[in-house]
*Asks:* 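Quick one: this structure, given as structure tokens, is what I'll be asking you about.
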Amino acid sequence: MESLAFIQWCLDHLNYWTITLLMAIESSFIPFPSEIVVPPAAYKAAAGELNIYLVVLFATLGANIGALVNYYLAMWIGRPLIYKFASSRIGHMCLIDEASVMKAEKFFDDNGRISTFVGRLVPAVRQLISIPAGLARMKLSTFLIYTTLGAGLWNIILAVIGYYLESVVPQDQLMSKVAEYSKELSWGFIALGILVLGVLIYKGVKKP
């Protein structure tokens with residue numbers, strides 16, 4: 001309950017610091033929707049209380065911080081556990097061995113850039129896409145570039161929605177309108193994610 005109160009306090013006192021902090025939480029393994037952070041901040045920017053460019057900048061910075069948490073947790077803790085499981089009797093019973101794990105790592109290494117970028121746009125995948133990147137030891141600079149591009153694009157879309165709505169709806173109706181827009185966007189990006197995943201799998205299967 002204390003953590004929920006803290007988050008609510010941050011939302012009630014949106015500034016560049018709280019935007020960064022909340023977006024770092026959103027981008028880590030803690031489920032927290034960016035839709036309730038960026039649009040209200042952009043709404044305040046349209047009213048002259050914040051700068052819209054800085055809202056996007058600090059939201060993206062926070063997303064990168066949270067993504068790095070998942071990336072390093074997966075690399076330092078998850079990777080050894082997965083290889084230990086692959087070498088175990090239970091792993092072999094599940095038809096998993098070190099060779100299959102290495103093959104999965106290579107697949108992500110070959111396709112990690114587009115997967116990371118698109119993954120940042122897909123609901124529920126957005127927070128998790130950093131984990132396979134860490135497991136596969138994706139090059140940190142590459143990971144940060146494509147995480148920044150994907151998170152930045154998503155934050156720009158949310159900021160545009162919030163900025164636009166300031167001239168259309170009163171503040172007490174903001175979140176209901178944001179939910180409408182974000183739901184439509186989410187379905188579109190889910191379809192895009194499925195399409196990209198299908199193409200990558202097809203390329204992987206066809207590769208000799």
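Note that this is a predicted model, so its numbers are computed, not measured.
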*Asks:* Quick check for you: to the nearest 0.5 Å, what is the distance between F143 atom CZ and L68 atom CG?
*Replies:*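 So the gap between those two atoms works out to 5.5 Å.
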*Asks:* With clusters defined by side-chain heavy atoms of hydrophobic residues (ILVMFWY) lying less than 4.5 Å apart, directly or transitively, does I156 cluster with L54?
*Replies:*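 Each belongs to a different hydrophobic cluster.
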*Asks:* With side chain to side chain donor-acceptor pair (under 3.5 Å) as the test, pick out the partner of T60 among T148, N155, T147.
*Replies:*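 Among T148, N155, T147, the one meeting side chain to side chain donor-acceptor pair (under 3.5 Å) with T60 is N155.
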*Asks:* I need the minimum non-hydrogen distance between A41 and L14, along with the two atoms involved.
*Replies:*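 In terms of heavy atoms, the two residues are closest at N-CD1, 3.7 Å.
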*Asks:* When you group the ILVMFWY residues by side-chain heavy-atom contacts below 4.5 Å and let the links chain together, are Y146 and W154 in the same group?
*Replies:*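 Yes, it is one cluster - the side chains of W154 and Y146 are joined through contacts under 4.5 Å.
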*Asks:* Roughly how far apart are L135 CG and L73 CG, rounded to 0.5 Å?
*Replies:*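 The CG atom of L135 sits 10.5 Å away from the CG atom of L73.
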*Asks:* Same cluster for L61 and V38 if Ile/Leu/Val/Met/Phe/Trp/Tyr side chains link at under 4.5 Å?
*Replies:*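 Result: yes, single cluster for both.
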*Asks:* For the CD1 atom of I52 and the CD atom of E166, what is their distance to the nearest 0.5 Å?
*Replies:*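 If we round to the nearest 0.5 Å, I52:CD1 and E166:CD are 10.5 Å apart.
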*Asks:* Can you tell me how far apart CG (L57) and OH (Y16) are? Round to the nearest 0.5 Å.
*Replies:*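 Going from the CG atom of L57 to the OH atom of Y16 covers 9.5 Å.
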*Asks:* Do you reckon I19 sits in the same ILVMFWY cluster as I161, going by side-chain contacts under 4.5 Å, direct or chained?
*Replies:*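 Hydrophobic grouping puts I19 with I161.
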*Asks:* Less than 4.5 Å apart, any side-chain heavy atom of E26 and any of V37?
*Replies:*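 With C-beta onward as the side chain, the pair stays apart.
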*Asks:* Are V55 and L153 connected in a single hydrophobic cluster, I mean Ile/Leu/Val/Met/Phe/Trp/Tyr linked by side-chain heavy atoms less than 4.5 Å apart?
*Replies:*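 Looking at the clustering, V55 is in the same group as L153.
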*Asks:* Looking at side-chain heavy atoms only, is the closest gap between L158 and S34 below 4.5 Å?
*Replies:*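 Yes, at least one pair of side-chain atoms sits under 4.5 Å.
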*Asks:* Side chain to side chain contact (heavy atoms under 4.5 Å, CB included), that's the test. Do I157 and V160 meet it? Break it down for me.
*Replies:* CA-CA 5 Å; I157 292 171; V160 168; 5.9 Å; no
*Asks:* How many angstroms lie between CG in L140 and CD1 in I145, if you round to the nearest 0.5 Å?
*Replies:*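 L140 CG to I145 CD1: 10.0 Å, rounded to 0.5 Å.
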*Asks:* For A159 versus V56, what's the shortest heavy-atom pair and its separation?
*Replies:*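 Between these two residues, the closest heavy atoms are CB-CG2, 3.7 Å.
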*Asks:* Using 0.5 Å steps for rounding, measure from the CG atom of N51 to the OH atom of Y53.
*Replies:*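 Here the rounded value is 8.0 Å.
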*Asks:* Between G62 and S27, which heavy-atom pair has the shortest distance, and what is it?
*Replies:*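 Minimum heavy-atom separation between G62 and S27: O-CB, 4.4 Å.
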